[in-house]
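Predicted, not measured: the structure shown is a model, and the values here were computed from it.
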Amino acid sequence: MKRTQVFQKKICLIIGIILAHCIYGQELTNNHKQMLKYDNTAYFAALVNKENINACYPIENTAYTLLGLAIKMNSKEVFQKLIDEKADLEKTCDGKTPLMFAAKYGNTEMAKNS
């Protein structure tokens, strides 16, 4: 093969790995954790966008969307902001929807909005 073909294949492989990581390997940043832990929406617009609002984030042995994490952590302000921004209420991570997480964690108030 010519050098340019080898180079093109390497570039395609690298781009593929990066895209796969972005789509399937989302990782919750410390800023996201702080937003959820302290139920603080001050930096919501900087942290949440259309690419990550419905991503599945692995936490221990389960994956959650931001909406599922807001329910788990009882972050009411973040939950409402996610609803306002049209987070997907039907998005499943590890076979569970946000409504299932609301039921699991006994959060009936958020379940009504899910």
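Under the 4.5 Å side-chain criterion, counting only non-hydrogen atoms from C-beta, F44 is not in contact with D84. L28 is listed as a side-chain neighbour of L69, based on a closest heavy-atom distance under 4.5 Å. At a threshold of 4.5 Å between non-hydrogen side-chain atoms, the residues D39 and N74 do not count as touching. The side-chain heavy atoms of Y43 and Q34, taken from C-beta on, include no pair separated by under 4.5 Å.
Taking all atoms of both residues into account, the shortest heavy-atom contact from K96 to M100 is CA-SD, 3.5 Å. Minimum heavy-atom separation, F101 to G68: CD1-CA, 4.0 Å. Scanning both residues, C56 and A63, for their nearest heavy atoms gives CB-CB, 4.1 Å. Minimum interatomic distance between C93 and Y64 (heavy atoms only, all atoms of both residues): SG-C, 3.9 Å.
Applying side chain to side chain contact (heavy atoms under 4.5 Å, CB included) to T41 and the options V48, L47, L82, V78 leaves one that passes, V78. Screening K72, E77, M73 against S75 for a side chain to side chain contact (heavy atoms under 4.5 Å, CB included) leaves a single residue, M73. For the side chain to side chain contact (heavy atoms under 4.5 Å, CB included) with P98, the qualifying choice from N107, T92, I83, T65 is T65, the only one to do so.
Separating the NZ atom in K37 from the CG atom in N30 is a distance of 10.5 Å, to the nearest 0.5 Å. Taking NZ of K76 as the start and CD of E109 as the end, the distance is 4.5 Å to the nearest 0.5 Å. Rounded to the nearest 0.5 Å, atoms CD1 (I53) and NZ (K86) are 10.0 Å apart.
Counting heavy-atom neighbours within 6.0 Å of K33 NZ, excluding the residue itself, gives a total above 12.
Although no hydrogens or angles enter the test, the distance criterion places no donor-acceptor pair under 3.5 Å between the side chain of D88 and the main chain of N54. At distances below 3.5 Å, at least one donor-acceptor pair connects side-chain atoms of Y57 with backbone N or O atoms of N52.
Y38 and L66 fall into different hydrophobic clusters, defined by Ile, Leu, Val, Met, Phe, Trp and Tyr side-chain heavy atoms under 4.5 Å apart, directly or through other members.
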Q.
Is there a side-chain contact (heavy atoms from CB on, under 4.5 Å) between L67 and K91? Walk through the geometry before answering.
A. CA-CA 9 Å; L67 199 56; K91 172 69 177 184; over 6 Å; no

